[in-house]
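Structure first, then comments.
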Amino acid sequence: MPDVLIADDHPLFRDALQRAVLAAVPDARVHSADSVYNLLGLIDQFPDAELLLLDLHMPGARGYSALVHIRGQFPGLPTIVVSGHEDASVARRAVAHGASAYIPKSTAGEDIITAIRKVLDGDVWLPPQLLGGGAELKPDEAAVAERVATLTPQQFRVLTMIAEGQLNKQIAYDLGVSEATVKAHMTSIMRKLGVNNRTQVALAASHLALDQETMPPMPEDEEG
């Protein structure tokens, strides 16, 4: 019985994806997560999962960051990105970052089933309206993606929190660790990303945003 993972924080859409998975693969065992943190736990629990359906917008994910991290840590797990965005450039960037398919949330159920079957057969799938054009990433985005892919799951969580503008003490509280541990993670993150301070960490992460949105203001008095 193949294991299929679904990561989406909207219960109704999660249920719709589960129905599509079971229609495409009737004997599948479907496991769901509502955050990137819970998803990483699921992947550890089911390391031989055959497919992941990943929402770009959910707790612990900013833009393509979760996709990049998961593809880097688990390259053998085919990943279908689901998103409310209908922009062809968003879909092409997802594929360039390693997604095997891109499914807008407006996609008909029959097409979702088709996409799942295509990906399980080893193909790449895009809806007809998003076909065409290249999928080449900008050099800065590609470089950041390569580095984010090397982060450990805990380092990735800290990176996401930094990108959201959280202070070290807030990150420590949320993770249940000491501020010294957070600073140690920061040191490792900066080394892996090739930057020198938390503002540069957040700026690097912004390269993976869907629309390159402006990063939140960084605390002035925090280092590392």
Apply salt bridge (charged side-chain N to carboxylate O under 4.0 Å, His left out) to Lys105 and Asp55, showing your working. CA-CA 9 Å; Lys105 290 194 172 183; Asp55 186 8; 3.2 Å; yes
Using the rule that Ile, Leu, Val, Met, Phe, Trp and Tyr join whenever any side-chain heavy atoms are under 4.5 Å apart, tell me whether [X] and [Y] fall into a single cluster.
X	Y	result
Leu67	Ile70	yes
Leu53	Met58	no
Ile103	Val4	yes
Leu126	Leu17	no
Val30	Val81	no

Hey, are the side chains of [X] and [Y] touching, using non-hydrogen atoms and a 4.5 Å cut-off?
X	Y	answer
Thr160	Val36	no
Ile112	Arg19	no
Val119	Thr79	no
Arg157	Asp174	no
Arg62	Leu208	no
Leu159	Leu193	yes
Glu141	His97	yes
Leu42	Leu52	no

Can you list everything that forms a ring pair (Phe, Tyr, Trp, His ring centres under 6.0 Å) with [X]? Sequence neighbours excluded, please.
X	answer
Phe46	His31
His185	none
Tyr102	none

So which atom in [X] and which in [Y] form the shortest heavy-atom distance, rounded to 0.1 Å?
X	Y	answer
Ala145	Val68	O-CG1, 3.1 Å
Gly98	Arg71	O-NE, 3.2 Å
Gln170	Gly165	OE1-O, 4.4 Å
Gln73	Pro153	OE1-CD, 4.5 Å
Leu54	Ala66	CD2-C, 4.3 Å
Pro75	Gly72	CD-O, 3.8 Å

Any side-chain to backbone donor/acceptor pair from [X] onto [Y]? Under 3.5 Å, distance only.
X	Y	answer
Tyr37	Pro59	no
Gln155	Leu151	no
Asn197	Thr199	yes

To the nearest 0.5 angstrom, please state how far the [atom1] atom of [X] sits from the [atom2] atom of [Y].
X	Y	atom1	atom2	answer
Ser100	Lys118	OG	NZ	13.5 Å
Leu39	Asp9	CG	CG	12.0 Å
Leu120	Leu51	CG	CG	5.0 Å
Glu179	Ile171	CD	CD1	9.5 Å
Ile162	Arg198	CD1	CZ	5.0 Å
Glu50	Leu5	CD	CG	10.5 Å

Sequence neighbours excluded - salt bridge (charged side-chain N to carboxylate O under 4.0 Å, His left out) pairs with any residue from residues 21-46: Asp3-Arg29
Not counting sequence neighbours, list each pair that qualifies as a salt bridge (charged side-chain N to carboxylate O under 4.0 Å, His left out) and has a residue in residues 108-117. none
Could you check Asn196 against Met190 for side chain to side chain contact (heavy atoms under 4.5 Å, CB included), going step by step and ending with a plain yes or no? CA-CA 6 Å; Asn196 299 314; Met190 287 188 292; 5.7 Å; no
Is the number of heavy atoms from other residues, nucleotides or ligands within 6.0 Å of CD (Glu146) greater than 12? no
Using side chain to side chain contact (heavy atoms under 4.5 Å, CB included), reason through Val90 and Tyr64 one step at a time and then give a plain yes or no. CA-CA 10 Å; Val90 173; Tyr64 300 98; 3.3 Å; yes
Residues 67-89 vs ring-ring contact (aromatic ring centres under 6.0 Å, His included), sequence neighbours excluded, gives His57-His85, His69-Phe156
